[in-house]
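See structure below.
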Protein chains: 2
Amino acid sequence: MNNDQLIRITRYYRSLNRLKTIGLEKVFAHNLADAAGVSAAIVRKDFSQLGIHGQKRGGYEIHDLLVSLGEILGKGDSQNCIIIGCGRIGKALMHYNGFEPDGIRIVAGFDSDPLVYSDASHPVPIYPISRIDEVVEALQVTAGIITVPEQAASDSYERLLKAGVMGILNFSPITLKPQATEDGKMPVVHNINIALELEQIFYELKFPKVK
Amino acid sequence: MNNDQLIRITRYYRSLNRLKTIGLEKVFAHNLADAAGVSAAIVRKDFSQLGIHGQKRGGYEIHDLLVSLGEILGKGDSQNCIIIGCGRIGKALMHYNGFEPDGIRIVAGFDSDPLVYSDASHPVPIYPISRIDEVVEALQVTAGIITVPEQAASDSYERLLKAGVMGILNFSPITLKPQATEDGKMPVVHNINIALELEQIFYELKFPKVK
DNA sequence: CTATTTATGTGAAAAAGTGTACATTAACTC
DNA sequence: GAGTTAATGTACACTTTTTCACATAAATAG
């Protein structure tokens, strides 16, 4: 499955959940297309490729779709995250409760500042960065969120990889590039650069697409 | 200019700034390719399309490149932002100092809670959401960052558009879709969905690309 | 029961994006 | 100053992604 397709599928999944809570039972390719911002043909082709079939004229059963897509997306597996860097953004993410519906759990935070990691007034425990290996092992952590300042980003990245955390969501302005580890495994890195997003927005405002 | 290209250009721009501070004066397509995670041919093609020319064997002058790309990216224009929703994430963004180097300024926050907007202990003033039109006008705001809970996202979006803010960076889990306003203008919307990113990471970990 | 409508499923065409190869030019070497 | 090396610039081929068009099946209507 390619990257764009994966994004679309996670979007379908979310939209379906929302439609389900509204009480709908069936959905048409066109609906999901609207929700995900793509064309209906793509939705059908995506499902077709994944072996998901609807009923001619009847559309797709939301429940079945959710089950199928859920399996594909690995719902039900343990999806435990840690946060490296418990500054304002790190703490904000700890308190964010929008992860639970997706089965994602923030299980610990890490910081280099004793004042921070001795503070127990947070939803999850914060440890000194030196204890990362031990905690990752104990809590079965599979992904880490990097919310440290620019100059500490590479170090955090390396520590995560060394601890065996192969999924990385990086909020620092450095673009981290995945590189195979010694044992041949390839980390999965997503970089979110807020300043970059804003820059792009300003650009697009300045030079609107004519299309 | 297409979207992917725009992302690459902002990346080139950042890398160039970094290289410049290190003291370099020239750069080769290959360097920028590494920095932006693309091939050298693409870098050359990008520049070629933009009318930027290097010297055979000599590469590109960093200074000239920065000027050219800076013009393209609209550096020097006022890039004023407001934050809608001053919860933990909104406040974290207010305190974030990674915007300045890019000429982006957070100039105000908005919230619906009197306890929040009467609190003056923040880097920028926080106003009640009802005053958005007035503030946008006075401070020449061109972009807004939405960091409100899911159920308030659409409302915030509409208020921004109504106030004439056409650039939107949305952190709420709702995917906001740009739709032409009454006067025919098309807003620019970027959605950042953290849970979605994590989901994708977990998926990619589960089903590594063979490639 | 036949005709019509509506939505899926998919092959083929079109479009977009990327990589390859090589001609071209500039600098350096001897 | 001839030869070699290093990097740009671009035509062309290749791959990937999207759209188009239409055959197909199910439901509905008369």
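Here the structure is a predicted model, which means the values were calculated and not measured.
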Map B:Lys45 and A:Gln55 onto DNA chain D by nearest heavy atom, then report which one ends up closer to the 5' terminus. B:Lys45

Mind checking if B:Gly58 touches a base, just sugar-phosphate, or nothing, with heavy atoms under 4.0 Å? nothing

If the threshold is 4.0 Å, N to carboxylate O, is there a salt bridge linking A:Arg159 and A:Asp155? yes

Is the shortest heavy-atom distance from the side chain of A:Ile194 to the side chain of B:Leu93 under 4.5 Å? yes

Atom NE2 in B:His190, atom CG in A:Leu198: separation rounded to 0.5 Å? 9.5 Å

Evaluate the ring planes of A:Phe110 and A:Tyr127, with Trp represented by its six-membered ring, and classify them as parallel (under 30°), tilted (30 to 60°) or perpendicular (over 60°). tilted

Whole angstroms only, please: what is the CD1-C1' distance between A:Ile42 and D:dT17? 7 Å

So how far is it from A:Asp64 CG to A:His53 NE2, rounded to the nearest 0.5 Å? 12.5 Å

According to a strict under-4.0 Å criterion, is B:His53 in side-chain N/O contact with OP1 or OP2 of D:dG9? yes

Scan residues 13-41 of chain B against DNA chain C and write down, sorted by residue number, each residue with any heavy atom closer than 4.0 Å; if none is found, say none. B:Ser39, B:Ala41

Give me the residues of residues 60-70 of chain B where at least one heavy atom lies under 4.0 Å from an atom of DNA chain D, by number, or none. B:Tyr60

Rounded distance (nearest 0.5 Å) linking atom CZ of A:Arg18 with atom CD1 of A:Ile62: 12.5 Å

Is the count of non-hydrogen atoms from other residues, nucleotides or ligands lying under 6.0 Å from B:Gln55 atom CD greater than 12? yes

From CZ of A:Arg44 over to P of C:dT10, roughly how many Å is that when rounded to an integer? 11 Å

Drop me the distance from B:Phe202's CZ to A:Leu169's CG, to the nearest 0.5 angstrom. 10.0 Å

Given atom NZ of B:Lys56 and atom C1' of C:dC22, what is their separation to the nearest angstrom? 11 Å

For B:Asp46 and B:Gln5, what are the C-alpha separation, side-chain angles and deciding distance, and is it a side-chain hydrogen bond (donor to acceptor under 3.5 Å, both in side chains)? CA-CA 7 Å; B:Asp46 280 340; B:Gln5 196 181 13; 3.1 Å; yes

Would you say a side-chain N or O of A:Asn2 is under 4.0 Å from OP1 or OP2 of D:dT17? yes

At less than 3.5 Å, do the side-chain atoms of A:Arg57 and the base atoms of D:dA27 form a donor-acceptor pair? yes

Would you say A:Val136 and A:Lys162 make side-chain contact, with heavy atoms under 4.5 Å? no

Bend angle of the helix from C:dC1-D:dG30 to C:dC30-D:dG1 from five-pair axes at both ends, rounded to 10°? 0°

Are any of B:Ser48's side-chain N or O atoms less than 4.0 Å away from OP1 or OP2 of D:dG9? no

